[in-house]
Amino acid sequence: MLVVSGLSNKQVGAELGISEITVKAHRGRVMQKMQAESLPGLVKMATRLRLTPAHRA
């Protein structure tokens, strides 16, 4: 997931070829489904599940 890897919504949108608003909508749905109260909370969950590398180059 690009959002938890440290990219901004704008960068994620550019990489996927979608708008920043669409990225925000998808991020909101993921946060709701994962019951994450904040983006840092979602990052912690992704790290525990090993869905993202420990650091980004």
Side-chain angles (χ1 to χ4, degrees):
M1 179 176 217
L2 298 172
V3 172
V4 297
S5 69
L7 296 178
S8 69
N9 291 336
K10 189 173 187 175
Q11 291 169 318
V12 172
E15 190 160 325
L16 297 177
I18 60 177
S19 74
E20 184 178 354
I21 293 171
T22 302
V23 174
K24 288 179 184 180
H26 287 303
R27 182 190 68 198
R29 274 184 284 213
V30 168
M31 290 184 64
Q32 183 178 23
K33 287 180 180 184
M34 294 297 293
Q35 298 178 353
E37 294 182 13
S38 65
L39 186 57
L42 185 63
V43 171
K44 287 179 186 177
M45 288 179 200
T47 301
R48 280 190 218 128
L49 294 170
R50 299 179 187 198
L51 297 177
T52 184
H55 67 283
R56 190 169 161 81

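Note that this is a predicted model, so its numbers are computed, not measured. The figures here come from the full heavy-atom set of this structure, side chains too, leaving out hydrogens, waters and symmetry mates.
- Under the rule for a side-chain hydrogen bond (donor to acceptor under 3.5 Å, both in side chains), the partners of Gln11 that lie at least two apart in sequence or sit in another chain are Ser8.
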Atom pairs and distances, side-chain donor-acceptor, residues 27-42, under 3.5 Å, sequence neighbours left out:
from  : atom 1 : to    : atom 2 : distance (Å)
Arg27 : NH1    : Asn9  : OD1    : 3.4
Arg29 : NH2    : His26 : ND1    : 3.4
Ser38 : OG     : Gly41 : N      : 3.2

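- With sequence neighbours left out, Lys44 forms a side chain to side chain contact (heavy atoms under 4.5 Å, CB included) with Arg48.
- Both Leu49 and Val3 belong to a single network of hydrophobic side chains, linked directly or stepwise wherever heavy atoms of I, L, V, M, F, W or Y lie under 4.5 Å apart.
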